Asks: 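Structure incoming, see below.
Just so you know, these numbers come straight off a predicted model, no measurement behind them.
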Amino acid sequence: MGSSEMERRILPSSMPRSRRHRSSAERSRSRSRSRDRDRDRRRRRVEESPSYSSRHRSRSSRTRWERGGWKCSERERERERERHGRRHDRDYSSERRHHRGHGRRRVSSRSASSDSSRRRRPAHHRNRRHLRESFANSHSSRATSVEDDEDGHLIYRNGDVLQDRYKIITTLGEGTFGKVVKCRDLQNDRFIALKIIKNVEKYREAAKLEINVLEKLAEKDPFNKHLCVRMLSWFDYHGHVCIAFDLLGLSVFDFLKDNNYRPYALDQVRHISYQLCYAVKFLHDNKLTHTDLKPENILFVDSDYDLTYDPKKKRDIRTVKRTDIQLIDFGSATFDHEHHSTIVSTRHYRAPEVILELGWQQPCDVWSIGCIMFELYLGITLFQTHDNREHLAMMERILGPIPYRMGRKTRTKYFYHGKLDWDEKSSDGRYVRENCKPLRSYQTSSDEDHRLLFDLITKMLEYEPDQRITLGEALRHPFFDKIAAIHRLGDEAVGDLRERSHSLSR
C-alpha cells in the first residue's frame, strides 16, 4: 500500500474536522438550524415593530397561525379568521361579477341537483349572500349592490328602482318561480305588476318559454280581447328575467280564501266560468295547452268588493263588485308540436290520463276547468289529496269506475287486471268513503240552473279525453244561456248587438 493511499485512509479520522469535510447529513442539519435562526430573528423584528399589525401578515403566515403554529390568544385567532372570511367573500363576489356576462353563473344558476348539493354545504357557505355588480340609481332610496338570497330570489326593498324605470312599491306574491311586485312605471306614470324570476337556470329557461308564448298570443290577439294577461315588456336584470304585466286584482282563490272560503254566487260562477272557457278556447284554437289551470291563475281585473254582515256566521261577507277575469301564468303552456312532459297540472286539477301517463292534449285543460267550477260553486276542492292511488280512488267514488281500457293501457302500478288496486277497508279507504260522494250529491239546490251547472261539470269530467266536452261545445251549453248581453264575448257578442240594434230600429 502506497503512502498516498495510507494518508487518504487516515486523514479523515485523525485530523480535526473542517466545514469542507462534514458529512452531507450534518451539513443539511446545520443549514436547517441556520434557516430557523434567521426566520426567528426576522419574525421577532416584525413583531416588535410598532407598526406591526396582524392584517399585514402573509397568507401562509395566517394559515400557520390558525393551525396554532404561533402562540396567540383565542380572541386574536378569531379576529383573524373573521378578516380572512371577509376577504374570501370579496374575492368570491368579484369572481361572480367577472363571469356575469356568461349565460350560466357559477353559483346561483343551478339545476335541481345542484340545489340539493348547496343545501348540504356548511352553514357559513349557505348563508353567504353572493354580491354582484354594483349599481347606483338616482331614483332609488338607496345606492346598493345587487344581491340574491340563498334560493335565488332578488333581494330588494320598497323604493328600489330597476332599469331606471320600475320603482318597487310592494310585494304582491311569491311562488317557486320568483316574486311578483307592484311597481310604478316612471316612464309612463302608471302602476304595473313585475314578475321577477329567480336567478336559477331552470326558472330562467321556463321564463323564456313563457315570454315566447306571450309574444305569440300578442300577435294573435293584439287588442287583448281573449282575456289572457298582456305582457308589456321584459328585460334581464343581473340574471333575473323580469316580465312586466298590466296590474290586476286578487286571484279568485285569494279572494275566496280572504272571504273564509264562502262560495261565489251562482251568477258569479257562471260569468267567471264562461270567461275561463272563452280564454282557454283561444289557446286551444292556436294549438296551445295551458296545462296549469287553477284558481290561483285566474285573476280579477278589479277585486274591489262590497261588505255585508252575516248575523248567522257573525262575520262580514265580501262580494266582489266585478267578475271580469284574466288568465295568467303561461310558464307551462305547451304547443302541440312541442315536447309534452309526462306529468303536468297542479295535483288537485290533474286529469286521469296524466296520472295514468297515457299522454295528454287540450282535453286535460277541460278537466281542470271542471274542477275549478266545482270549487267556485262550493268553496272546497273536489279532489283533496296528495297521492295518485288515493286520487284515482276519489275519482271512482265521485264519478264512477275508471274505464277498463284505461286501466289496461296504463303502465303505472295502480291497476290490477284493469281494475284499480284499492283497499276500501283500509284507513285510506274509509277516508275516501267518508269524505267523497257521487258528484250530483254536492248540488246544493234542485233549481234548473244548479242542475245545468252540474251537467256541464259532469261532461267536463269524462274519463276518456276524446269523450270529454270541448270548450267550443261548453260555451254553447244551456248553463251559459243566462250570460248577460254585455258580458258576451267574441262572435256571440257581435250577434247580440246586431239583434238589439235590429229590434230598436223597428
Side-chain angles (χ1 to χ4, degrees), residues 103 111-112 175-178 195 197-198 200-236 241-246 275-294 296-299 325-347 349-372 460 462 464-475 489-490:
S111 63
T176 55
F177 62 88
K195 187 175 183 178
I197 306 299
K198 283 181 182 177
V200 176
E201 184 67 20
K202 62 178 179 179
Y203 296 116
R204 264 201 307 274
E205 292 303 317
K208 292 174 185 176
L209 295 175
E210 181 175 13
I211 290 168
N212 178 58
V213 170
L214 291 166
E215 288 177 340
K216 294 290 177 59
L217 294 178
E219 291 175 8
K220 297 289 184 179
D221 183 21
F223 300 105
N224 196 31
K225 294 181 178 180
H226 289 89
L227 313 183
C228 296
V229 68
R230 181 176 60 158
M231 179 178 68
L232 303 174
S233 64
W234 71 273
F235 57 91
D236 186 287
V241 178
C242 300
I243 312 175
F245 297 99
D246 288 321
Q275 295 173 90
L276 180 58
C277 290
Y278 182 80
V280 180
K281 179 182 180 297
F282 170 65
L283 303 182
H284 291 183
D285 290 344
N286 287 282
K287 304 184 183 305
L288 192 63
T289 308
H290 188 282
T291 76
D292 196 19
L293 296 174
K294 55 185 176 181
E296 291 89 333
N297 287 339
I298 307 165
L299 268 56
I325 63 161
Q326 295 257 303
L327 183 62
I328 68 164
D329 196 353
F330 295 88
S332 303
T334 306
F335 286 99
D336 289 354
H337 67 273
E338 292 179 324
H339 170 72
H340 284 38
S341 302
T342 304
I343 302 298
V344 293
S345 304
T346 301
R347 158 66 67 190
Y349 312 94
R350 188 174 294 160
E353 66 267 25
V354 178
I355 298 174
L356 298 178
E357 300 180 9
L358 298 175
W360 52 267
Q361 291 293 333
Q362 279 87 359
C364 75
D365 280 347
V366 180
W367 178 281
S368 300
I369 293 174
C371 297
I372 292 169
M460 290 180 164
E462 280 285 347
E464 294 279 8
D466 57 356
Q467 296 179 16
R468 210 170 288 157
I469 193 172
T470 67
L471 294 179
E473 295 168 340
L475 288 169
L489 299 166

Asks: Within a strict 4.5 Å, meaning less than it, do heavy atoms of the Thr346 and Asp292 side chains meet?
Replies: yes

Asks: Are the side chains of Glu215 and Trp234 in touch, meaning some heavy atoms are under 4.5 Å apart?
Replies: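 A side-chain contact exists here, since the closest heavy-atom pair is under 4.5 Å.
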
Asks: Give a yes or no on whether a salt bridge exists between Glu201 and Arg204, defined as a side-chain N under 4.0 angstrom from a carboxylate O.
Replies: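 Salt bridge present between Glu201 and Arg204.
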
Asks: Taking the side chain as every heavy atom from C-beta outward, state whether Phe282 and Cys228 have any pair of such atoms under 4.5 Å apart.
Replies: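 The answer is yes; the side chains approach within 4.5 Å.
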
Asks: Do you know which two heavy atoms are closest between Cys371 and Tyr349, and how far apart they sit?
Replies: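 Closest approach of Cys371 to Tyr349: CB-CD2, 3.7 Å.
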
Asks: Using the rule given for side chain to side chain contact (heavy atoms under 4.5 Å, CB included), can you reason through Trp360 versus His340, listing the C-alpha separation, both sets of side-chain angles and the distance that settles it, and then say yes or no?
Replies: CA-CA 8 Å; Trp360 52 267; His340 284 38; 3.4 Å; yes

Asks: At what distance, to the nearest 0.5 angstrom, does CZ of Arg230 lie from CZ of Phe223?
Replies: 11.0 Å

Asks: Mind checking the NZ-CG spacing from Lys281 to Leu276? Nearest 0.5 Å is all I need.
Replies: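 It is 14.0 Å, given to the nearest 0.5 Å.
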
Asks: Does Val229 reach the side chain of Phe330, with side-chain heavy atoms less than 4.5 Å apart?
Replies: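 Contact flag for Val229/Phe330 side chains = yes.
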
Asks: With a 6.0 Å cut-off (strictly less than), is the heavy-atom count around NZ of Lys294, excluding the residue itself, greater than 12?
Replies: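 Counting neighbours around NZ of Lys294, more than 12 heavy atoms of other residues, nucleotides or ligands fall under 6.0 Å, so yes.
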
Asks: How long is the span from the CG atom in Leu471 to the CD1 atom in Ile369, to the nearest 0.5 Å?
Replies: 4.5 Å

Asks: About how many Å separate CD1 of Ile298 and CD1 of Ile372, when rounded to the nearest 0.5 Å?
Replies: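 Output value for this atom pair is 4.0 Å.
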
Asks: Is it true that Glu353 and Arg468 make a salt bridge, defined as a side-chain N closer than 4.0 Å to a carboxylate O?
Replies: yes

Asks: Going by heavy atoms in the side chains, are Asp236 and Cys242 under 4.5 Å from each other?
Replies: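 Counting from C-beta outward, Asp236 and Cys242 never come under 4.5 Å.
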
Asks: Please say whether the positively charged group of Lys195, taken as NZ for Lys or CZ for Arg, lies over the ring of Phe245, i.e. under 6.0 angstrom from the six-membered ring centre and within 45 degrees of the axis.
Replies: no

Asks: Can you name the closest pair of heavy atoms from Ala207 and Ile243 and give their distance?
Replies: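 It is O-CD1, 4.4 Å.
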
Asks: Is the shortest side-chain heavy-atom distance between Ile343 and Ile355 below 4.5 Å?
Replies: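 No. Closest side-chain heavy atoms not under 4.5 Å.
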
Asks: When you measure from the side chain of Glu473 to the backbone N and O of Thr470, does any donor-acceptor pair fall under 3.5 Å?
Replies: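 At least one qualifying donor-acceptor pair exists.
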
Asks: A cation-pi test, strictly: NZ or CZ of Lys216 under 6.0 Å from the centre of the six-membered ring of Phe335 and no more than 45 degrees from its axis. Yes or no?
Replies: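 Yes, Lys216 lies over the aromatic ring of Phe335.
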
Asks: To the nearest 0.5 Å, what is the distance between SG on Cys277 and CD on Gln275?
Replies: 10.5 Å

Asks: To the closest 0.5 Å, what do you measure between NE2 (His226) and CG (Leu327)?
Replies: 12.5 Å

Asks: Can you see whether Gln326 engages Asp246 through a side-chain donor-acceptor pair at a distance of less than 3.5 angstrom?
Replies: no

Asks: Hydrogens and angles aside, do Thr291 and Asp365 bring a side-chain donor and acceptor to less than 3.5 Å of each other?
Replies: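 Thr291 vs Asp365: no donor-acceptor pair found between side chains.
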
Asks: Given 3.5 Å as the limit, does a donor-acceptor pair link the side chain of His290 with the main chain of Ile328, or not?
Replies: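 Yes, His290 side chain to Ile328 backbone: donor-acceptor pair under 3.5 Å.
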
Asks: Side-chain contact test, heavy atoms from C-beta onward, threshold under 4.5 Å: evaluate it for Pro352 versus Trp367 and give yes or no.
Replies: yes

Asks: Exactly one of Asp336, Thr334, Leu217, Val280 should register a side chain to side chain contact (heavy atoms under 4.5 Å, CB included) with Leu288. Which one does?
Replies: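 Among the candidates, only Leu217 passes.
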
Asks: When you check the gap from the basic side-chain N to the acidic O, do Glu205 and Lys202 get nearer than 4.0 Å?
Replies: no

